Amino acid sequence: AHPWMGRPQNMADDDACIIQAKKLAYLLSPIHARLRLVDLVTGQALDEDTAISNLRRYQLLAPELPVALAVENSQLPPHVILNLARQCNVYLAYDEANNYNQDGLALGDSKLFWKCVRDHQLISVHLKQKTHDGVCAHLKEGFVDMPALFNRLHRISYSGDWLLEYRPTTQPVQDAIKSRDHLLTHQIKKGVAP
């Protein structure tokens, strides 16, 4: 989590945080290093110029490290985050569950997002389920229509990474297996597989 859409309180500290994150990303994956930023702080008060300025500054930091920069849609409609990513030539890490408030209402018109997004703009897609109780421990029924998500990704010929994300429990491996089984049971039968 990093408040990339807001004005930093201390520019030097903000720069140091991003440089450190880029170093860690490169250390962990020197071939395909990525840094995914999710802003959990800024919320609806978007200052587009500040967000764009931050992303452009982040790209210039530690240029010796080939790290792909990505932003995750959170708290704002995905087409808004996609627009910022496009303007800065960074990727989008897409999370369909982040499009829903706790009451199940969508943050914005998802049709607008799916109309304008292209495969090469997405670096990863998160598989996560959410209900009125929050993020689920494994994929099951909830706000996210998984078959519709896979069909949309199939239509844009998505070929990037999938990231299984869920609420932590004391049995993470079993939860991951339940999620995998749910996907295999419900998605492959419909002819679309992750």
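On a predicted model such as this, the values are computed, not experimentally measured, just so you know. Start at 1 with the first residue, then count along the sequence.
Note on Leu163: it does not cluster hydrophobically with Phe150, by side-chain heavy-atom contacts below 4.5 Å among ILVMFWY residues. In this structure, Leu139 is not a member of the same hydrophobic cluster as Val135, with clusters built from ILVMFWY side-chain heavy atoms closer than 4.5 Å. Hydrophobic clustering of Ile, Leu, Val, Met, Phe, Trp and Tyr side chains at less than 4.5 Å, counting indirect connections, keeps Trp114 apart from Leu112. Note on Ile156 and Leu92: same hydrophobic cluster, where clusters join Ile, Leu, Val, Met, Phe, Trp and Tyr whose side-chain heavy atoms are under 4.5 Å apart, directly or indirectly.
Considering only heavy atoms from C-beta on, Leu37 stays 4.5 Å or farther from Val90 through its side chain. You'll find the side chain of Val71 reaches within 4.5 Å of the side chain of Leu55, heavy atoms only.
One distance of note links CD of Gln75 with CG of Asn99; it measures 12.5 Å at 0.5 Å rounding. A distance of 8.5 Å separates CG in Asp133 from CZ in Arg167, rounded to the nearest 0.5 Å. Atom CZ of residue Phe143 and atom SG of residue Cys136 lie 8.5 Å apart, to the nearest 0.5 angstrom. A distance of 11.5 Å separates CG of Leu184 from CD1 of Ile177, quoted to the nearest 0.5 Å. Atom CG of Leu40 and atom CE of Met5 lie 8.5 Å apart (nearest 0.5 Å). Atoms CE and NZ, from Met146 and Lys140 in turn, are 12.0 Å apart once rounded to the nearest 0.5 Å.
Annotation for Gln121 and Arg118: closest pair OE1-N, 2.7 Å, computed over non-hydrogen atoms. Considering all non-hydrogen atoms of both residues, Ala70 and Ala93 come closest at CB-N, 4.4 Å. Annotation for Ala176 and Tyr166: closest pair CB-OH, 3.8 Å, computed over non-hydrogen atoms. Closest approach of Leu122 and Tyr94 over heavy atoms only: CD2-CB, 3.9 Å. Annotation for Val80 and Leu76: closest pair CG1-CD1, 4.3 Å, computed over non-hydrogen atoms. Ala25 and Ala33 get closest at one heavy-atom pair: O-CB, 3.7 Å.
Of the N and O atoms on the side chains of Asn98 and Glu72, at least one donor lies less than 3.5 Å from an acceptor on the other residue.
With sequence neighbours excluded, the residues satisfying side chain to side chain donor-acceptor pair (under 3.5 Å) with His2 are Asp14, Tyr58. Tyr26 is linked by a ring-ring contact (aromatic ring centres under 6.0 Å, His included) to nothing, counting only residues two or more places apart in sequence or in another chain. Legend: residues meeting side chain to side chain donor-acceptor pair (under 3.5 Å) with Asp119, ordered by chain and number and at least two apart, are absent. With sequence neighbours excluded, the residues satisfying side chain to side chain donor-acceptor pair (under 3.5 Å) with Asp175 are Thr169. Listed by chain and number, the residues in a side chain to side chain donor-acceptor pair (under 3.5 Å) with Thr50 are Arg7, Asp47 (sequence neighbours excluded). Applying the salt bridge (charged side-chain N to carboxylate O under 4.0 Å, His left out) criterion to Lys128, with sequence neighbours excluded, gives Asp95, Glu165.
Within the structure, every pair that satisfies the salt bridge (charged side-chain N to carboxylate O under 4.0 Å, His left out) test and touches residues 146-157, not counting sequence neighbours, is listed here: Glu96-Arg152. Pairs engaging residues 22-35 under the salt bridge (charged side-chain N to carboxylate O under 4.0 Å, His left out) rule: Arg34-Asp161 [sequence neighbours left out].
Grouped with Tyr91 in one hydrophobic cluster are Ile123, the linkage being side-chain heavy-atom contacts under 4.5 Å among Ile, Leu, Val, Met, Phe, Trp and Tyr residues. Summarising the hydrophobic clusters (Ile, Leu, Val, Met, Phe, Trp, Tyr; side-chain heavy atoms under 4.5 Å, direct or chained), the residues clustered with Ile31 are none.
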| message | Please determine whether side chain to side chain contact (heavy atoms under 4.5 Å, CB included) holds for the pair His138 and Gln129, giving the CA-CA distance in whole Å, both sets of side-chain angles, and the decisive distance to 0.1 Å. | response | CA-CA 7 Å; His138 53 82; Gln129 190 56 275; over 6 Å; no
| message | I'd like to know whether Leu127 forms a side chain to side chain contact (heavy atoms under 4.5 Å, CB included) with Leu149, so could you lay out the CA-CA distance, the side-chain angles of the two residues, the decisive distance to 0.1 Å, and finally the verdict. | response | CA-CA 9 Å; Leu127 301 178; Leu149 173 63; 4.2 Å; yes
Would you be so kind as to tabulate the donor-acceptor pairs closer than 3.5 Å made by side chains of residues 81-89, with sequence neighbours excluded?
| from | atom 1 | to | atom 2 | distance (Å) |
| --- | --- | --- | --- | --- |
| Arg86 | NH2 | Cys116 | O | 2.3 |
| Gln87 | NE2 | Glu48 | OE2 | 3.1 |

Enumerate, atom names and distances included, each donor-acceptor pair closer than 3.5 Å involving a side-chain atom of residues 100-110, sequence neighbours excluded.
| from | atom 1 | to | atom 2 | distance (Å) |
| --- | --- | --- | --- | --- |
| Gln102 | NE2 | His132 | O | 2.9 |
| Asp103 | OD1 | Leu105 | N | 2.9 |
| Asp109 | OD1 | Lys111 | N | 3.0 |

